[in-house]
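Here the structure is laid out as structure tokens; the discussion comes afterwards.
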Amino acid sequence: MSSGVGKTVCVTGASGYIASWLVKLLLLRGYTVKASVRDPNDPRKTQHLLELEGAETRLKLLKANLLEEGSFDSVVEGCEGVFHTASPFYHDVVDPQAELIDPAVKGTQNLHIGRKPRTPDVVVDENWFSDPDYLEGSKLWYTLSKTMAEDSAWKFSKAKGIDMVTINPAMVIGPLLQPTLNTSAAAILNLIKGASTFPNASFGWINVKDVANAHIQAFEIPSASGRYCLVERVVHYSEIVNILRDLYPSLQLPEKCQRKKQKLWA
């Protein structure tokens with residue numbers, strides 16, 4: 001399928017986990033991709049993109065910084081669509097405003113957490129939105145940054161008459177194209193690197209290829225609109241451990257669950 005032939009689109013934060021897969025699939029569909037990265041000269045961020053099929057003729061790497069006003073002007077120029085995936089994601093935060101919130105919000109101008117427990121009878125759909133006050137009080141900085149970024153994006157797009165669709169994936173796992181380990185994949189790696197216990201938490205999980213495809217469908221299908229939640233399954237970490245044990249019997253996996261129940265952040 002090559003519905004992107006002759007069309008140019010932009011992908012921000014192109015060296016990231018989801019974005020790399022998005023660039024790969026867009027190139028396979030015939031698109032010309034203008035991809036923004038913070039440092040086009042860093043091979044750890046760009047080499048895996050340059051080696052993608054179609055990259056030699058249809059991938060253009062451009063430097064852009066989320067915090068620099070006007071930095072993306074040349075990146076989006078001439079593009080029919082923009083896939084804005086650039087946003088930092090990690091947990092060891094020293095300065096949440098500078099490290100997570102400013103880049104996420106300023107870069108946009110998905111996650112859903114509130115005070116109400118998510119029991120089996122609670123339906124999480126596209127109308128569910130996280131409670132910023134609760135997130136700040138709970139120090140869930142990454143989730144707060146994404147909530148504020150999406151809220152800012154909706155206000156901006158409505159004010160400017162921009163056709164916007166948002167994709168809100170849960171915990172994204174699957175094959176890595178980039179050489180560096182990302183936070184969501186690290187959650188799986190931690191289980192096989194000698195952890196004595198596994199987290200007492202249930203997450204929604206989704207494959208990275210499905211997330212990338214969802215972005216493309218949101219752009220290509222005219223009826224796509226509003227907000228989309230992406231969750232393939234909701235499982236407890238105990239089931240993840242069991243899956244790993246079945247697939248790789250030789251791995252030394254944790255046998256015990258942590259006593260303390262963790263906050264659900266994804």
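One hydrophobic cluster, built from ILVMFWY side chains closer than 4.5 Å, holds both Leu247 and Val208. Under the 4.5 Å side-chain heavy-atom criterion for ILVMFWY residues, no single connected hydrophobic cluster contains both Met164 and Val76. Linking Ile, Leu, Val, Met, Phe, Trp and Tyr whenever their side-chain heavy atoms come within less than 4.5 Å puts Val23 and Leu25 in one cluster. Taking hydrophobic clusters as Ile, Leu, Val, Met, Phe, Trp and Tyr residues chained together by side-chain heavy-atom distances below 4.5 Å, Leu244 shares a cluster with Ile206. Under the 4.5 Å side-chain heavy-atom criterion for grouping Ile, Leu, Val, Met, Phe, Trp and Tyr, Trp21 is connected to Tyr228 within one hydrophobic cluster.
Residues satisfying the side-chain hydrogen bond (donor to acceptor under 3.5 Å, both in side chains) criterion with Ser238, sequence neighbours excluded, are His236. Considering only residues two or more places apart in sequence or on other chains, Lys60 meets the side-chain contact (heavy atoms from CB on, under 4.5 Å) condition with Thr32, Lys34. Evaluation of the side-chain contact (heavy atoms from CB on, under 4.5 Å) rule for Ile173 yields Ile188, Trp205 as partners, not counting sequence neighbours. Taking the side-chain hydrogen bond (donor to acceptor under 3.5 Å, both in side chains) definition, one finds that Tyr17 meets it with nothing, sequence neighbours left out. Scored by the salt bridge (charged side-chain N to carboxylate O under 4.0 Å, His left out) test, Asp39 finds no partners at all (sequence neighbours excluded). Residues satisfying the side-chain hydrogen bond (donor to acceptor under 3.5 Å, both in side chains) test with Asp210, not counting sequence neighbours, are none. For Glu239, the salt bridge (charged side-chain N to carboxylate O under 4.0 Å, His left out) test picks out Arg233, with sequence neighbours left out. Applying the side-chain contact (heavy atoms from CB on, under 4.5 Å) criterion to Leu189, with sequence neighbours excluded, gives Leu181, Ile192, Lys193. Every residue meeting the side-chain hydrogen bond (donor to acceptor under 3.5 Å, both in side chains) condition with Ser20, not counting sequence neighbours, appears here in chain and number order: His48. Listed by chain and number, the residues in a side-chain contact (heavy atoms from CB on, under 4.5 Å) with Lys7 are Tyr31, Glu80 (sequence neighbours excluded). In this structure, the salt bridge (charged side-chain N to carboxylate O under 4.0 Å, His left out) partners of Glu255, at least two apart in sequence or on a different chain, are Arg245.
Among Ile240, Leu191, Asn190, the single residue meeting the side chain to side chain contact (heavy atoms under 4.5 Å, CB included) criterion with Pro199 is Leu191.
Heavy atoms from other residues, nucleotides or ligands lying under 6.0 Å from CD of Glu77 number 12 at most.
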Distance-only donor-acceptor pairs under 3.5 Å for side chains of residues 154-163, two or more places apart:
| unit_1 | atom_1 | unit_2 | atom_2 | d |
| --- | --- | --- | --- | --- |
| Trp154 | NE1 | Glu150 | OE2 | 3.0 |
| Lys155 | NZ | Asp151 | OD2 | 3.1 |
| Ser157 | OG | Ala153 | O | 3.1 |
| Ser157 | OG | Trp154 | O | 3.1 |

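Asn127 contributes atom CG, which lies 8.0 Å from atom CZ of Arg227 (distance to the nearest 0.5 angstrom).
Residues Val82 and Val9 are not in side-chain contact: their nearest non-hydrogen atoms beyond the backbone lie 4.5 Å or more apart.
Nearest heavy atoms, Val231 versus Gly204: CG1-CA, 3.7 Å. Contact detail for Pro254 and Ala195: the closest heavy-atom pair is CB-O, 3.3 Å. What you find for Ala64 and Val75 is that their closest heavy atoms are CB-CG2, 4.1 Å.
There is a side-chain donor-acceptor pair under 3.5 Å between Asn182 and Gln178.
Under a 4.0 Å N-O distance rule, the pair Glu220/Arg29 qualifies as a salt bridge.
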**Prompt:** Where do Asn168 and Thr166 land on the side-chain contact (heavy atoms from CB on, under 4.5 Å) test, with the steps shown first?
**Reply:** CA-CA 6 Å; Asn168 292 282; Thr166 60; 3.7 Å; yes
